[in-house]
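This report concerns only the one structure given below.
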Amino acid sequence: MKPNKAQKIWMYEHMLVSRYFEESIEKIYMEGKSPAFNMANGPIPGEMHLSNGQEPCAVGVCAHLTAEDVVTSTHRPHHVAIAKGVDLDRMTAEIFGKKTGLSGGRGGHMHIFDAAVNFSCSGIIAEGMGPAAGAALSRQLQGKTGVAVAFLGDGAVNQGAFHEVMNLAAVWKLPVVFVVEDNGWGISVSKSDSTAVEHNDTRAAAYGMPGYRVINNDPVAVFEVAGNAIARARAGEGPSLIEIETYRLAGHFMGDAEGYRPDGEKDALHSKDPIPAMKRLLVAECGWGDSEELEITTKAHFRVDQAIQFARDSAYPEPEEALDKVFV
Amino acid sequence: MKPNKAQKIWMYEHMLVSRYFEESIEKIYMEGKSPAFNMANGPIPGEMHLSNGQEPCAVGVCAHLTAEDVVTSTHRPHHVAIAKGVDLDRMTAEIFGKKTGLSGGRGGHMHIFDAAVNFSCSGIIAEGMGPAAGAALSRQLQGKTGVAVAFLGDGAVNQGAFHEVMNLAAVWKLPVVFVVEDNGWGISVSKSDSTAVEHNDTRAAAYGMPGYRVINNDPVAVFEVAGNAIARARAGEGPSLIEIETYRLAGHFMGDAEGYRPDGEKDALHSKDPIPAMKRLLVAECGWGDSEELEITTKAHFRVDQAIQFARDSAYPEPEEALDKVFV
Amino acid sequence: MSDVAQKERKLTIARAMAEAVSQEMRTDERVFVMGEDVGPLGGVFGNTRGLFDEFGASRVRDTPISETAFIGAAVGAAADGMRPVVELMFVDFFGVCMDAIYNLAAKNSYFSGGHVPVPMVLMTSTGGGYSDAGQHSQCLHGTFAHLPGMKVVAPSNAYDAKGLMIAAIRDQNPVVFMFHKALQGMGWLGTEKGAINHVPEEAYTVEIGKAKVVREGKDVTVVGITSGVHHGLKAADILAEKGVSAEVLDLRSLVPLDRESILRSVAKTGRLIVVDEDYHSYGMSGEIIATVAEQGVKLHCAPQRVAYPDIPIPFSRPMEQWALPNAEKIVNSYELMTR
Amino acid sequence: MSDVAQKERKLTIARAMAEAVSQEMRTDERVFVMGEDVGPLGGVFGNTRGLFDEFGASRVRDTPISETAFIGAAVGAAADGMRPVVELMFVDFFGVCMDAIYNLAAKNSYFSGGHVPVPMVLMTSTGGGYSDAGQHSQCLHGTFAHLPGMKVVAPSNAYDAKGLMIAAIRDQNPVVFMFHKALQGMGWLGTEKGAINHVPEEAYTVEIGKAKVVREGKDVTVVGITSGVHHGLKAADILAEKGVSAEVLDLRSLVPLDRESILRSVAKTGRLIVVDEDYHSYGMSGEIIATVAEQGVKLHCAPQRVAYPDIPIPFSRPMEQWALPNAEKIVNSYELMTR
Ligand SMILES: Cc1ncc(C[n+]2csc(CCOP(=O)(O)OP(=O)(O)O)c2C)c(N)n1
Ligand SMILES: Cc1ncc(C[n+]2csc(CCOP(=O)(O)OP(=O)(O)O)c2C)c(N)n1
Ligand SMILES: [Mg+2]
Ligand SMILES: [Mg+2]
């Protein structure tokens with residue numbers, strides 16, 4: 001299925017929101033961390049994994065999902081969370097560790113939970129696979145609508161959980177789709193140094209599951225392939241695997257010197273930045289002009305700035321709140 | 001490569017030894033366990049997983065191995081241990097929990113270790129995969145000869161360790177061969193109810209590894225396929241996966257009522273018992289006669305009876321020895 | 001009397017567990033069971049017997065040997081409104097799936113600020129004594145109890161097993177339900193008569209986090225769980241013959257831990273012996289003794305523990321039986337502390 | 001003096017660990033390194049920096065994100081005569097690979113009757129304090145120490161780090177080497193000055209299983225490991241100003257545990273405070289207190305612990321900092337026990 005104009009614009013808009021969000025987080029993250037870079041300092045402490053460049057994976061898939069559908073994401077979750085419709089104010093407040101955050105500051109950037117849109121993520125590689133399959137099982141058992149999508153990285157495919165869950169989902173014909181964001185790296189280790197096959201879509205055959213690969217980090221191609229896989233899941237025909245060639249434009253996390261990158265890789269990736277590419281497509285196919293661009297950009301910036309203001313204005317939790325919510 | 005006469009006889013002989021060993025263990029295991037079957041009682045307490053019917057996997061592979069080659073086996077290890085040349089007296093004593101056992105009675109039937117022939121096994125599903133790959137890595141790093149073979153069951157293929165080790169072995173081109181003993185069952189759960197593909201040889205492609213399937217529990221066919229895979233590993237060309245269709249003629253463990261078996265399965269399997277089949281082959285192809293049969297059977301029984309006598313005659317360890325060998 | 005006798009309804013822990021799950025499945029559509037061989041076989045240890053026949057293959061699901069997958073799936077199903085009861089066949093296998101248990105099931109409530117609770121039960125068998133060696137005989141309740149976010153219960157008898165299981169299924173939080181193989185009442189694992197007791201037909205709960213004085217006494221408090229409780233009761237009989245009155249406390253739950261009941265009993269008796277089949281160091285026995293020590297409870301003599309030594313569990317019977325806690329060791333411990 | 005100053009060779013724990021491994025690799029062909037990002041990157045926490053350049057890709061191996069595979073492989077390589085040093089990037093990830101650690105590496109010596117030793121080192125980072133949240137900030141040394149068959153060491157300073165690492169590599173048994181991120185001396189994780197100390201150039205060992213009195217005192221014994229030692233030292237300074245003389249004991253090793261040194265110190269001071277960044281219950285703090293209690297050491301007051309509460313580690317700074325042990329809590333604990 002091809003995206004119509006509205007869907008293309010929806011994708012572009014969410015790509016813009018996500019990118020501007022990450023750029024803003026990047027700046028704020030550095031507050032209080034210079035001259036001496038110490039992760040513990042600043043308004044956003046701890047690790048920070050930015051998704052710049054990987055927006056196509058998020059929007060191309062989530063364009064087909066509603067709030068009732070379930071998504072599990074990774075340690076690099078912002079773009080997916082935004083495309084899934086997570087409450088941006090409360091997500092930002094969570095990243096700042098504020099009381100108004102989705103989890104009251106208990107989780108932070110690697111632990112974004114928004115029950116209202118069935119989104120969650122985690123910091124352990126491939127850990128979202130099981131819960132996605134389980135949510136899909138829940139819908140199957142209850143005869144309820146809704147599918148589950150598990151996002152994971154190319155490095156995560158080599159984790160045992162991937163194999164176990166792929167097999168289980170296939171044996172039980174669960175309404176779930178597995179989406180591999182292939183940015184070619186697992187921190188400093190390249191996909192080719194860690195993966196025995198060139199591309200992971202070939203691994204779907206090991207589970208009698210359809211496997212697809214999308215190249216060139218193309219949101220429209222992702223939309224088409226994901227649309228079919230998700231429709232298949234909704235129709236009760238079982239799970240699919242999609243590997244998307246995408247670009248990690250930033251470091252693995254903030255503070256990464258990226259010395260492991262081959263010369264020129266960074267520039268080459270930036271020259272293929274999916275956001276200008278998507279804009280060119282809108283201009284070519286959807287009569288996109290400066291006024292539309294200005295309007296959508298302004299709107300995107302406004303939403304993000306508003307969320308960041310909300311986070312900054314929010315209070316920190318009381319220290320003792322650390323003791324709550326261990327059990328409910 | 002085809003087995004010559006001597007190799008066929010070697011395989012048959014070790015099949016006989018293994019089978020008679022299991023039949024003897026089966027009898028002895030029941031001593032002290034009737035009328036009330038209590039695992040804790042008798043000369044051989046605890047769980048007992050017999051290998052009756054799976055002898056072809058052991059002899060067809062181990063016919064190509066020497067003492068320096070490394071083998072890791074499973075919770076169902078006797079046939080493989082015998083084919084690998086494990087000290088039968090001390091292995092039997094270990095199964096009886098005697099001081100003269102390979103591990104002084106600390107391990108028992110699921111933990112047979114014979115360093116002299118580089119054999120080990122364990123009670124956790126797919127746990128032998130990593131150590132086999134590691135031994136292969138050790139040989140690769142040291143430029144030493146010798147390959148490693150990991151045996152596992154069809155049920156174990158769905159354990160995460162399988163996936164991780166297959167990938168690692170392929171990426172590092174390790175001299176290791178993975179042998180799946182496909183008896184169609186994981187305790188009471190059938191392969192078809194737990195595995196998303198019909199046969200696991202297809203899963204080798206997920207690691208860019210050659211995958212083979214041997215049907216009909218045929219020792220000669222196993223010999224041929226394993227010979228090629230092991231030669232490939234010795235030549236430094238990397239790992240392979242072999243799935244062997246085999247038969248579990250006994251229950252999962254002693255005491256298993258086997259109510260989960262479809263009607264007639266047990267009889268059908270016994271009618272395909274690989275031992276009489278192998279004898280017919282020797283008769284047809286190697287001029288095998290009653291005298292040869294009598295001689296080899298007598299020899300096999302003698303060896304096993306001797307080992308069992310050794311185990312029975314051996315003393316139990318002193319209780320306090322339980323404290324030794326935690327650290328060396 | 002005979003009237004009471006008729007009312008007696010003695011069950012094994014295995015049957016009590018299965019009855020609890022089936023009763024909850026009848027009244028609560030959200031409850032379902034997953035695990036290896038929990039279906040037609042009824043569980044290797046009998047605790048799901050009959051469920052497959054009554055509820056069918058979709059609510060009583062045999063799984064592949066993929067603990068990480070199906071326990072992770074249980075977390076996702078629980079988050080989506082179901083009430084999974086999953087089985088890890090032997091606790092010894094926790095090493096292949098602990099992430100799904102301690103990082104996922106146990107922490108999602110906290111990570112989500114309480115918005116995504118994980119109401120699931122993880123059943124798992126523990127314990128040795130029948131020569132199943134070092135990968136099939138461990139208790140490991142201390143390992144689970146050390147990690148925050150999951151409740152940990154372990155019954156010593158069928159009555160508690162049913163009540164704790166129903167309480168666990170109805171709990172909004174992940175509950176690890178550890179059943180000791182020697183107490184299951186499966187003939188082939190031997191039978192501890194003391195674990196087979198009266199179980200009411202109707203559904204009832206035993207509150208999670210409350211210990212129980214299973215025998216009153218005034219000279220020494222013996223604290224234990226599962227098998228340790230039965231060793232303690234046998235020791236109390238022997239001590240009684242020697243004129244010593246031992247109180248036996250069944251913790252029943254390690255998380256939450258009923259520290260009050262421990263302190264109350266020890267304050268009364270002035271002596272403490274902790275019995276634990278789990279490994280000696282950095283586990284339950286140390287925690288119980290520390291609980292009493294840090295409160296400054298006045299004792300007549302130093303508290304002692306009868307725990308499993310810090311060694312893998314040996315296969316050979318003489319070595320394993322020697323290493324296990326038992327009534328004699330408890331009696332000796334008492335005599336040493338009062339010498 | 002200036003002469004001594006020149007001889008001073010201050011290193012961070014990260015550099016001391018890398019130096020120890022490189023020196024052993026030079027003298028022992030069997031030693032090699034495996035883990036995620038241990039190669040060109042030099043380890044996320046700097047403890048393999050320089051090794052790849054000196055020894056190359058075959059002896060310093062980046063792995064896929066497959067902990068079960070490469071730790072299991074380390075066991076097989078060790079059994080085959082090699083001396084692998086493998087890294088589990090964060091101890092929080094133990095849940096995906098604990099079977100290979102506790103059932104395989106830790107038990108093969110026992111299962112083989114001592115015929116197949118497993119001489120390997122598992123390096124893993126621990127600890128929080130920099131807002132890395134609940135899956136990247138745990139200590140968990142109690143979890144490893146509870147399970148038999150592996151030695152567990154954790155240095156508080158660079159001198160011990162080098163000596164313990166060399167001892168671990170030369171040990172015939174599996175050794176879990178836990179290094180605390182806040183003590184690594186990586187600027188981006190903050191810097192604990194007290195962890196950076198003089199490290200002799202030549203190879204040397206620190207005996208595994210021996211605690212060290214890092215500050216002598218007579219009024220109270222503060223027992224800790226890694227970060228806890230530094231909290232204890234800071235508390236001792238504060239207490240000194242109040243005229244209280246605190247002795248600080250750095251355990252350095254949890255398995256084997258140097259119970260003698262603990263008892264000796266507490267017998268002298270008559271007071272005990274255990275500091276632990278690992279979870280409060282069923283862990284190290286309970287074991288240390290029980291060790292003293294069961295020996296009946298006469299104390300002036302009840303022993304206390306300053307440990308991490310039984311909650312997942314929160315991300316938000318005010319909550320995490322409030323939950324962590326620190327010098328003030330130790331001082332308060334002392335003042336409460338002596339009030
Ligand atoms: C089980 C586990 N092992 C290791 C890590 C440390 N780690 C965090 S992110 C990462 C790289 C992941 O690579 P990939 O899956 O490709 O995702 P990407 O970072 O490229 O988005 C690693 C190794 C972890 N979080 N969990
Ligand atoms: C990790 C793990 N999960 C479950 C078990 C329990 N278990 C022992 S044998 C077995 C079945 C194994 O089936 P398969 O691998 O086909 O070997 P087979 O018994 O058929 O020889 C199971 C589930 C185990 N030992 N380890
Ligand atoms: Mg990647
Ligand atoms: Mg099988």
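No hydrogens, no waters, no symmetry mates; every other heavy atom, side chains included, goes into these values. Below, read A as the first sequence line, B as the second, and so on, with proteins coming before strands; counting in each chain starts at 1.
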Among C:Asp80, C:Asp171, C:Ile65, C:Ile71, the residue with the most heavy-atom pairs under 4.5 Å to chain A is C:Asp80
Of the listed residues (C:Val96, C:Val75, C:Leu104), which shares the most heavy-atom pairs with chain A below a 4.5 Å separation? C:Leu104
So, the part of C:Asn173 with a heavy atom under 4.5 Å from chain A: the answer is side chain
If one checks every heavy atom of C:Met34 against chain A at 4.5 Å, the contacting part turns out to be side chain
Donor-acceptor pair, distance only, cut-off 3.5 Å: does the side chain of [X] make one with the backbone of [Y]?
| X | Y | answer |
| --- | --- | --- |
| C:Tyr110 | A:Ala322 | yes |
| C:Gln172 | A:Val328 | no |
| C:Thr68 | A:Ala161 | no |

Answer yes or no: is there a side-chain heavy-atom contact under 4.5 Å between [X] and [Y]?
| X | Y | value |
| --- | --- | --- |
| A:Trp172 | C:Thr63 | yes |
| A:Ser120 | C:Val116 | no |
| C:Lys107 | A:Val326 | no |

Would you give the length of the straight line joining atom [atom1] of [X] to atom [atom2] of [Y], rounded to the nearest 0.5 angstrom?
| X | Y | atom1 | atom2 | result |
| --- | --- | --- | --- | --- |
| A:Lys325 | C:His115 | NZ | NE2 | 7.0 Å |
| A:His111 | C:Asn108 | NE2 | CG | 9.5 Å |
| A:Ser122 | C:Asn103 | OG | CG | 8.5 Å |
| C:Met82 | A:Leu141 | CE | CG | 4.5 Å |
| A:Glu164 | C:Cys97 | CD | SG | 8.5 Å |
| C:Ser112 | A:Arg106 | OG | CZ | 9.0 Å |

What option among A:Leu174, A:Ile124, A:Val70 has the most heavy-atom pairs under 4.5 Å with chain C? A:Ile124
Checking heavy atoms, do the side chain of [X], its backbone, both or neither come under 4.5 Å from chain C?
| X | value |
| --- | --- |
| A:Asp114 | neither |
| A:Glu94 | neither |
| A:Leu137 | side chain |

Please test C:Val255 against A:Phe327 for side chain to side chain contact (heavy atoms under 4.5 Å, CB included), starting from the C-alpha separation and ending with a verdict. CA-CA 11 Å; C:Val255 180; A:Phe327 294 115; 4.2 Å; yes
How far apart are the closest heavy atoms of A:Ser138 and C:Ala77, and which atoms are they? CB-CA, 4.1 Å
